[in-house]
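Letters A, B, ... are given to chains in the order of the sequence lines, protein chains preceding strands, and every chain is numbered from 1. Any value given below was found using the heavy atoms of this structure, including those in side chains, with hydrogens, waters and symmetry copies removed.
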Number of protein chains: 2
Amino acid sequence: MDSPLMEIKMMRRTTVILADDHAIVREGLKLLISAMANVSVVAEAADGDRLLNLVRSVTADILILDLGMPGVAAQFISDLHSLAPRMKIVVLTANTEPRMVRAAIEAGASAYLTKDGDPEELADAFAAIRNGDTYLGQTVRFAKSGHVPVTDILSPVPLTPRELQTLQMVAQGMTGRETAQRLGISPLTARKHRENLMRKLNLHSTAELTAYAVRLGMPVG
Amino acid sequence: MDSPLMEIKMMRRTTVILADDHAIVREGLKLLISAMANVSVVAEAADGDRLLNLVRSVTADILILDLGMPGVAAQFISDLHSLAPRMKIVVLTANTEPRMVRAAIEAGASAYLTKDGDPEELADAFAAIRNGDTYLGQTVRFAKSGHVPVTDILSPVPLTPRELQTLQMVAQGMTGRETAQRLGISPLTARKHRENLMRKLNLHSTAELTAYAVRLGMPVG
DNA sequence: TTCCGAGTACGACAGCTGTCGTATTCATTC
DNA sequence: GAATGAATACGACAGCTGTCGTACTCGGAA
């Protein structure tokens with residue numbers, strides 16, 4: 001525990017990249033993090049593209065990422081991960097939707113915090129990551145009751161790629177016909193994708209489907 | 001300009017109440033505001049109910065309010081205003097929808113800032129308020145081009161109370177029949193409200209209507 | 001190789017939606 | 001008192017949606 005090696009590791013400053021589209025939130029987070037011992041914010045980004053460029057040129061120990069900022073979905077985490085395998089990713093977002101949490105963790109995130117959680121969770125998450133653990137914020141952790149391994153926490157019905165695409169179109173206010181046109185398939189097939197979606201998600205109207213898609217953080221037309 | 005009276009006014013510390021459902025954002029804002037000269041954060045609230053209670057017992061010069069937090073819509077501003085007429089309200093939110101801005105200003109807000117704006121806008125807004133002006137953040141100001149009086153900036157088609165209620169139900173994924181039931185009116189009347197909504201907003205499907213309602217910041221079922 | 005899931009595509013049918021009417025009541029404004 | 005706008009309510013009709021089928025192809029897993 002107190003080996004010289006550990007001490008050296010503890011001594012080195014932890015470097016952090018901040019990615020959030022809200023400048024005010026970034027500014028606040030910067031102050032919050034600067035108050036932590038041995039942690040420095042080394043860079044910031046306000047959208048997905050600039051973040052990718054940033055990660056190519058700057059190395060950091062931890063990325064604090066707001067899922068839901070322009071150009072950033074859960075799958076974006078995999079891209080970042082393959083670009084900078086040693087960088088740990090802390091998701092910090094307003095989205096508490098179980099499917100989103102699952103997608104983020106599966107894509108390689110090391111922590112999932114929500115913005116309505118206790119600010120101290122940030123330090124807790126950092127500590128967990130230092131131990132190689134995965135950390136979930138309280139809001140998310142207790143969505144499903146009790147203390148269970150991260151991987152067991154939530155298992156929403158998996159959606160196929162086509163179903164996800166269809167869901168996105170619905171979120172953008174597109175009709176079945178428009179969806180079919182965009183995907184280059186028969187309206188009847190688009191219809192079937194939507195039907196499967198509704199069965200899997202137990203939703204039964206366009207309005208419900210749209211509302212769900214928006215909760216997932218999908219871009220709204 | 002430099003009268004003794006003015007100096008005394010400038011000397012007095014400006015007191016601020018923070019209302020935002022995201023604890024991390026609150027914490028960050030607190031640090032941000034503490035860095036300003038002669039400004040103190042005196043209280044915080046995370047939802048509408050607690051904010052109302054707070055305003056009844058604590059007086060402050062300025063309230064920084066996140067439109068969109070639980071139990072807080074634009075109309076909430078009027079309530080706060082009649083409860084504490086001398087308190088100025090700065091809206092600080094992620095919502096850039098023109099209708100929302102208009103509603104907030106009409107309800108008595110003294111400033112409307114968006115979270116993706118420059119953090120310095122906060123200081124600018126405070127300065128404007130000190131002069132008795134109304135301040136709009138850059139993102140909002142340039143939604144409609146150029147420099148025009150605040151009242152002229154945006155004039156969306158006005159919606160009637162019933163239409164707003166109907167829109168809310170749609171956002172929550174309710175069908176026409178459910179809406180009618182909830183409002184205690186004939187399904188055909190609910191239908192008509194929806195029809196008028198769509199005409200006014202130039203939207204032509206449930207999905208579009210739902211997406212629009214969500215952008216307005218209406219609670220999603 | 002056989003099986004399964006994903007994707008494709010179509011049909012049928014009840015019910016809902018979007019769009020067009022009309023009409024009455026009531027409060028407010030001119 | 002006439003006019004206006006909001007809210008109420010109904011009818012008709014085409015088209016879309018939600019739900020149930022069936023059926024073919026294809027690639028990967030058992």
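- The list of side chain to side chain donor-acceptor pair (under 3.5 Å) pairs with a residue in residues 103-112 of chain A, not counting sequence neighbours, reads R102(A)-E106(A).
- Interatomic distance, R182(B) CZ to M169(B) CE, rounded to the nearest 0.5 Å: 5.5 Å.
- Using a 4.5 Å heavy-atom threshold, the side chains of E44(A) and I17(A) count as separate.
- A donor and an acceptor atom, one from each side chain of D116(B) and T114(B), are located under 3.5 Å apart.
- The residue among P187(B) and P161(B) whose nearest nucleotide of DNA chain D lies closer to the 5′ end is P161(B).
- Checking the phosphate oxygens (OP1, OP2) of dC16(C), no side-chain nitrogen or oxygen of R191(B) falls inside 4.0 Å.
- In terms of modelled atom types and a separation under 3.5 Å, the side chain of T189(B) and the main chain of I185(B) share no donor-acceptor contact.
- Checking N196(A) against R199(A) by side-chain atom types alone, a donor-acceptor pair falls below 3.5 Å.
- Comparing the axis of the opening five pairs of the helix from dT1(C)-dA30(D) to dC30(C)-dG1(D) with that of the closing five pairs yields an angle of 40°, rounded to 10°.
- Proximity of T189(A) to the phosphate of dA9(C): a side-chain N or O atom is located under 4.0 Å from OP1 or OP2.
- Residues D61(A) and T15(A) bring a donor and an acceptor atom of their side chains to less than 3.5 Å of each other.
- Taking atom CG of L183(B) as the reference point, atom C1' of dA6(D) lies 14 Å away to the nearest angstrom.
- In this structure a side-chain-to-backbone donor-acceptor pair under 3.5 Å is present from R26(B) to D20(B).
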Seminar exercise, completed: Contact string for nucleotides 23-30 of chain C, one letter per nucleotide 5' to 3', B = base within protein heavy-atom range under 4.0 Å, S = sugar-phosphate only, - = neither, reads --------
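- In terms of phosphate contacts, T160(B) brings a side-chain nitrogen or oxygen within less than 4.0 Å of OP1 or OP2 of dA7(D).
- Looking only at distances, a side-chain donor or acceptor of E208(A) sits under 3.5 Å from a matching main-chain atom of H204(A).
- Formation of a donor-acceptor pair under 3.5 Å by the N131(B) side chain with backbone atoms of D133(B) is not found in this model.
- Judged by distance alone, the side chain of K200(A) and the main-chain N or O of P158(A) form a donor-acceptor pair under 3.5 Å.
- With hydrogens and angles disregarded, no donor-acceptor distance shorter than 3.5 Å links the side chain of Q138(B) to the backbone of D118(B).
- For the segment residues 193-208 of chain B, residues with any heavy atom less than 4.0 angstrom from an atom of DNA chain D are, sorted by number, H193(B).
- In this structure, L188(A) reaches the bases: a heavy-atom distance under 4.0 Å links it to at least one base atom across the strands shown.
- A donor and an acceptor atom never sit less than 3.5 Å apart when one is taken from the side chain of R177(A) and the other from the base of dT17(D).
- For D21(A), the salt bridge (Lys or Arg N to Asp or Glu O under 4.0 Å) criterion is met by no residue, not counting sequence neighbours.
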Seminar exercise, completed: Reading nucleotides 24-30 of chain D from 5' to 3' and marking B where a protein heavy atom lies under 4.0 Å of the base, S where only the sugar-phosphate is that close, and - otherwise, the string is -------
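- With rounding to whole Å, R162(B) atom CZ is found 13 Å from dA9(D) atom C1'.
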